[in-house]
Amino acid sequence: MGNRVFLNQDIIEIMVVGDQTVASVERMGRDTSRLLAEQRQAGKSCLVLDNVLEIGQVGVDARKLVVDLARRFDYDRLALLGKGSLLRLGANLMLRATGKAYKMRYFDDRAAALKWLHKI
């Protein structure tokens, strides 16, 4: 099964599976943008859980696109869920590059990520 973007109760969840390309990131970006707009239009909080537990390789151009999308998206909070110190380091560098690190955080525990997302 490939990437999925869906509304999981009140959270937009992005499931990233396998190697990522510019095209796959663009598809996830379109789906995420649509759900964010629907949440805003409904007067709801825009909370995003970006689950990268099953991520593979990500090319340089795809990584740049991820940072660009994270800068442009209108969300209240975004939690990255992953495992491993190398992924944590890369995610933290990406978070800083967005200029929105104050509303983004990396977690290796789903329950902690959900708890932080709901602290609005």
Side-chain angles (χ1 to χ4, degrees):
M1 179 161 63
N3 299 329
R4 290 183 23 205
V5 179
F6 57 97
L7 192 59
N8 186 357
Q9 296 180 19
D10 62 339
I11 294 174
I12 297 165
E13 188 159 350
I14 305 167
M15 297 284 299
V16 185
V17 180
D19 295 346
Q20 302 303 307
T21 64
V22 168
S24 67
V25 172
E26 285 174 340
R27 280 190 300 276
M28 287 185 292
R30 280 192 302 273
D31 293 344
T32 303
S33 182
R34 178 183 50 80
L35 288 174
L36 285 168
E38 288 174 8
Q39 290 292 93
R40 281 282 180 237
Q41 191 171 21
K44 297 180 180 179
S45 295
C46 289
L47 308 173
V48 179
L49 178 62
D50 192 357
N51 184 332
V52 295
L53 289 170
E54 297 180 44
I55 197 168
Q57 298 296 313
V58 183
V60 173
D61 290 338
R63 277 182 280 181
K64 288 178 182 177
L65 180 56
V66 168
V67 171
D68 182 54
L69 291 172
R71 279 186 186 130
R72 290 189 285 133
F73 282 160
D74 178 24
Y75 51 86
D76 297 310
R77 286 185 175 218
L78 185 148
L80 280 163
L81 177 62
K83 288 274 188 214
S85 57
L86 187 58
L87 185 58
R88 176 183 291 276
L89 175 63
N92 284 326
L93 290 172
M94 186 206 71
L95 294 176
R96 281 190 230 125
T98 66
K100 291 185 172 184
Y102 63 96
K103 59 165 100 179
M104 302 170 80
R105 193 160 295 159
Y106 180 90
F107 296 89
D108 57 13
D109 178 77
R110 184 180 180 88
L114 294 173
K115 183 177 178 180
W116 179 79
L117 282 170
H118 285 109
K119 283 186 179 179
I120 296 241

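Nothing here was measured: the structure is a model prediction, and the numbers come from that model. Values below: every heavy atom of this structure, side chains too, minus hydrogens, waters and symmetry copies.
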Problem - Euclidean distance, L65 CG relative to M28 CE, rounded to 0.5 Å - result: 9.0 Å

Problem - Charged N-O contact under 4.0 Å between D76 and K44 - result: no

Problem - Pairwise distance CZ(R105) to CG(L117) - rounded to 0.5 angstrom - result: 10.0 Å

Handout entry: salt bridge (charged side-chain N to carboxylate O under 4.0 Å, His left out) partners of E38, counting only residues at least two apart
Key = R34

Practice task
Decide yes or no for N3 and Q20: does some side-chain heavy atom of the first lie under 4.5 Å from some side-chain heavy atom of the second?
Solution key: yes

Practice task
Taking side-chain contact (heavy atoms from CB on, under 4.5 Å) as the test, write out the residues that go with A23, two or more places apart.
Solution key: T21, R27

Completion exercise
Note: with side-chain heavy atoms under 4.5 Å as the link, the other cluster members for V60 come out as none

Problem - Approximate separation, where rounding is to 0.5 Å, of R63 CZ and Q57 CD - result: 8.5 Å

Practice task
Flag the pair M104 / Y75 as yes when at least one side-chain heavy-atom distance between them is below 4.5 Å, and no otherwise.
Solution key: yes

Exercise for the section: Tell me, please, which residues at least two apart from A112 pass side-chain contact (heavy atoms from CB on, under 4.5 Å). Expected result: F107, D109

Practice task
Heavy atoms only: give me the nearest S33-F73 pair and the separation to one decimal.
Solution key: CB-CE2, 3.9 Å

Problem - D74 vs L36, side-chain contact (heavy atoms from CB on, under 4.5 Å): CA-CA, chis, key distance, verdict - result: CA-CA 7 Å; D74 178 24; L36 285 168; 5.6 Å; no

Problem - Linked, directly or transitively: F6 and L49 (ILVMFWY side chains, under 4.5 Å) - result: no

Practice task
Any chance you could lay out the side-chain contact (heavy atoms from CB on, under 4.5 Å) test for K64 and V25, step after step, and finish with the verdict?
Solution key: CA-CA 10 Å; K64 288 178 182 177; V25 172; over 6 Å; no

Review item, side-chain donor-acceptor pairs of residues 7-18, under 3.5 Å, at least two apart:
| unit_1 | atom_1 | unit_2 | atom_2 | d |
| --- | --- | --- | --- | --- |
| N8 | ND2 | E13 | OE1 | 2.9 |
| D10 | OD1 | H118 | NE2 | 3.3 |
| D10 | OD2 | H118 | NE2 | 3.0 |
| E13 | OE1 | R110 | NH2 | 2.9 |
| E13 | OE2 | R110 | NH1 | 3.0 |
| E13 | OE2 | R110 | NH2 | 3.4 |

